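Worksheet for the structure shown next.
A note on names: the letters A, B, ... follow the listed sequences, proteins ahead of strands, and every chain is numbered from 1. Only this structure's heavy atoms are used, side chains among them; waters, hydrogens and symmetry mates stay out. Computed from a predicted model, the values in this text were never measured in an experiment.
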2 protein chains.
Amino acid sequence: MKPIASPDPHLPESCAPSLDLERFLPYRLSVLSERISGAIARLYQERFDLTIPEWRVLAIIGRFGPVTATEVGQRTAMDKVRVSRAIARLVEHGRLAQSEDATDRRRKRLAFTRAGAAIYAEVVPLARAVEADVLASLDPATRSALDAVLTALEAAPLPTAQDRADHSP
Amino acid sequence: MKPIASPDPHLPESCAPSLDLERFLPYRLSVLSERISGAIARLYQERFDLTIPEWRVLAIIGRFGPVTATEVGQRTAMDKVRVSRAIARLVEHGRLAQSEDATDRRRKRLAFTRAGAAIYAEVVPLARAVEADVLASLDPATRSALDAVLTALEAAPLPTAQDRADHSP
DNA sequence: CGAGAATAGTTACAAATGAAACCAATCGCA
DNA sequence: TGCGATTGGTTTCATTTGTAACTATTCTCG
């Protein structure tokens, strides 16, 4: 792995100031998220055969009680297909029960089965513990800045395709 | 969408303190990352037909010059399959040129073609601009805390499966 | 009422991804 | 040397995911 003189590799040097990926916010977020979510996911995947979308559904039902698929979607930033599939799997595994919504027969109300509630009760402390571990490794100042940073980023407006459609010569 | 009294949905209330997903660090990171990376990705996807893995490869070559696939992998936190495929597509599209490495015939050295360099030169300012927009929406204190927070999180140790294998009754 | 628009949720199909198997070339060392 | 282990990179297969089309039900308003 020895650096070799380049023959003529079309260097863009002059015009483009060469971006440093490791400092690039979206990249950092992506890697970080993949690392942390991935680690936790692997944890409850192995233990409970639970995927991330499934865990999110459980989390919503655990917090808000019986809900519809649409409501889950709104609260989890997942699209309806992903939600639908997570629910299907949870039902298959006997962790959720669907009941007809009397007032609207398109909807299905989702509630824990006993098994689902049991898993939820096991997963929550596990999740909390992992998060606590991560937070514990931050020094107090950083830890207290964390929430503000995330909240601010969450509120940040994002460019849409049109925004930057063409403002160039 | 009217909340209805639950028949008997196995509420775990007592034992599990009901975790709030919206405050849960891994969830927040995941949604945030998806939102920001997604927005940017859509931007250069539409304009240049460039995927995120491809953009990462370009970024590494733009910064470090001709490299091998393995090196790209090390610098981008992507596994070799993903790197391999990104490179294959870039080569197909005439954006990268592969040349045999004289000292090790397994390796292929990757360099921009003229077209690749041109795209890189266009994408970098675009990426920078989007990042700048996001950062600009943070107040100075938060913005200055951002880097420290990310750096700390990146350094945080993560639980492996064994770590939490069994420390229970 | 009743036809068309909207909504809840599922299905179908294509593209992205990851794990493991796989080739080929190189290294390590007896 | 030369043979087994290692490394660079690709291919295969199963899983995941997203887009778009689809079904069924409810809403809207003439």
Side-chain angles (χ1 to χ4, degrees), chain A residues 1-2 4 30-31 33-35 37-39 41-42 45-46 49-57 60 66-93 96-110 161, chain B residues 1-4 30-31 33-35 37-39 41-42 44-46 49-57 60 66-93 96-110 161:
Chain A
M1 199 168 291
K2 157 194 351 172
I4 302 164
S30 170
V31 172
S33 159
E34 154 60 27
R35 217 172 76 92
S37 290
R42 240 159 284 135
Q45 196 116 28
E46 285 170 14
D49 184 28
L50 208 60
T51 67
I52 290 184
E54 287 176 88
W55 147 243
R56 288 185 184 175
V57 172
I60 293 305
V67 290
T68 67
T70 303
E71 200 173 338
V72 170
Q74 291 162 347
R75 293 188 185 280
T76 56
M78 299 194 292
D79 63 287
K80 42 192 213 156
V81 180
R82 211 151 141 218
V83 171
S84 173
R85 289 198 266 236
I87 290 171
R89 223 176 93 94
L90 286 167
V91 171
E92 268 176 37
H93 286 45
L96 284 189
Q98 294 176 316
S99 60
E100 302 279 323
D101 180 325
T103 78
D104 185 339
R105 274 181 307 181
R106 290 169 305 183
R107 296 186 196 155
K108 298 175 188 170
R109 282 161 35 78
L110 304 161
Chain B
M1 198 169 291
K2 161 193 348 176
I4 302 165
S30 170
V31 172
S33 161
E34 154 61 28
R35 217 172 77 91
S37 290
R42 240 160 282 134
Y44 47 63
Q45 196 117 27
E46 285 168 15
D49 183 27
L50 209 60
T51 66
I52 291 184
E54 287 176 88
W55 147 244
R56 288 186 183 173
V57 173
I60 293 305
V67 291
T68 67
T70 303
E71 200 173 338
V72 169
Q74 291 161 346
R75 293 187 185 280
T76 57
M78 300 194 289
D79 63 288
K80 35 193 220 156
V81 180
R82 210 149 143 221
V83 170
S84 172
R85 290 199 263 238
I87 290 172
R89 222 177 93 95
L90 286 167
V91 170
E92 268 176 35
H93 287 43
L96 284 189
Q98 294 175 318
S99 59
E100 302 280 324
D101 182 323
T103 78
D104 186 339
R105 275 181 305 180
R106 289 169 305 182
R107 296 184 196 157
K108 298 175 187 170
R109 283 163 33 79
L110 304 161

Worksheet item: Which residue pairs pass the salt bridge (Lys or Arg N to Asp or Glu O under 4.0 Å) test when at least one of the two sits in residues 81-90 of chain B, sequence neighbours left out?
Response: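 Those involving residues 81-90 of chain B are B/Asp49-B/Arg89, B/Glu54-B/Arg89.
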Over how many whole Å does the gap from [X] atom [atom1] to [N] atom [atom2] extend?
X	N	atom1	atom2	result
A/Ile87	C/dG9	CD1	P	7 Å
B/Arg109	D/dG8	CZ	C1'	15 Å
A/Arg42	D/dT16	CZ	P	15 Å
B/Gln74	D/dG9	CD	C1'	13 Å

Compare side-chain N and O positions of [X] against OP1 and OP2 of [N] and report whether any pair is under 4.0 Å apart.
X	N	value
B/Arg105	C/dA24	no
B/Lys108	D/dT10	yes
A/Ser84	C/dG9	no
B/Thr70	D/dG9	yes

Discussion item. Within the 4.0 Å limit for protein heavy atoms, which parts of nucleotides 13-18 of chain C are touched? Write it as a string from 5' to 3', B for base, S for sugar-phosphate only, - for none.
Written reply: ----BB
Do you know the tightest heavy-atom contact between [X] and [Y]?
X	Y	value
A/Leu110	A/Thr68	CD1-C, 4.0 Å
A/Ala69	A/Val83	O-CG1, 3.6 Å
B/Ser33	A/Ser30	OG-CA, 3.3 Å

Worksheet item: Between D/dT26, C/dT10, D/dG8, which nucleotide has the shortest distance from any of its atoms to the side chain of B/Lys80?
Response: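 Nearest listed nucleotide: D/dG8.
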Item to complete: Using the side-chain contact (heavy atoms from CB on, under 4.5 Å) rule, take A/Val57 and A/Leu96 through it: C-alpha gap first, then chi angles, then the decisive distance, then the call.
Response: CA-CA 10 Å; A/Val57 172; A/Leu96 284 189; 4.0 Å; yes
Practice prompt. Decide side-chain contact (heavy atoms from CB on, under 4.5 Å) for B/Thr51 and B/Gln45; before the verdict, give the C-alpha distance in whole Å, the side-chain angles of both, and the deciding distance to 0.1 Å.
Written response: CA-CA 6 Å; B/Thr51 66; B/Gln45 196 117 27; 4.0 Å; yes
Discussion item. I'd like to know if A/Arg106 reaches the base of C/dA8 with its side chain, counting only an N/O donor and acceptor under 3.5 Å.
Written reply: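 Answer is no: no donor-acceptor pair is held.
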Fill in: Candidate pair A/Ile87 and A/Gln98, rule side-chain contact (heavy atoms from CB on, under 4.5 Å), full reasoning
CA-CA 9 Å; A/Ile87 290 171; A/Gln98 294 176 316; 3.7 Å; yes
Dump every N/O contact between nucleotides 1-5 of chain D and the protein below 3.5 Å, one line per pair.
none

Worksheet, complete the sentence: Distance col, row A/Met78:CE vs B/Glu34:CD, nearest 0.5 angstrom, shows 12.0 Å
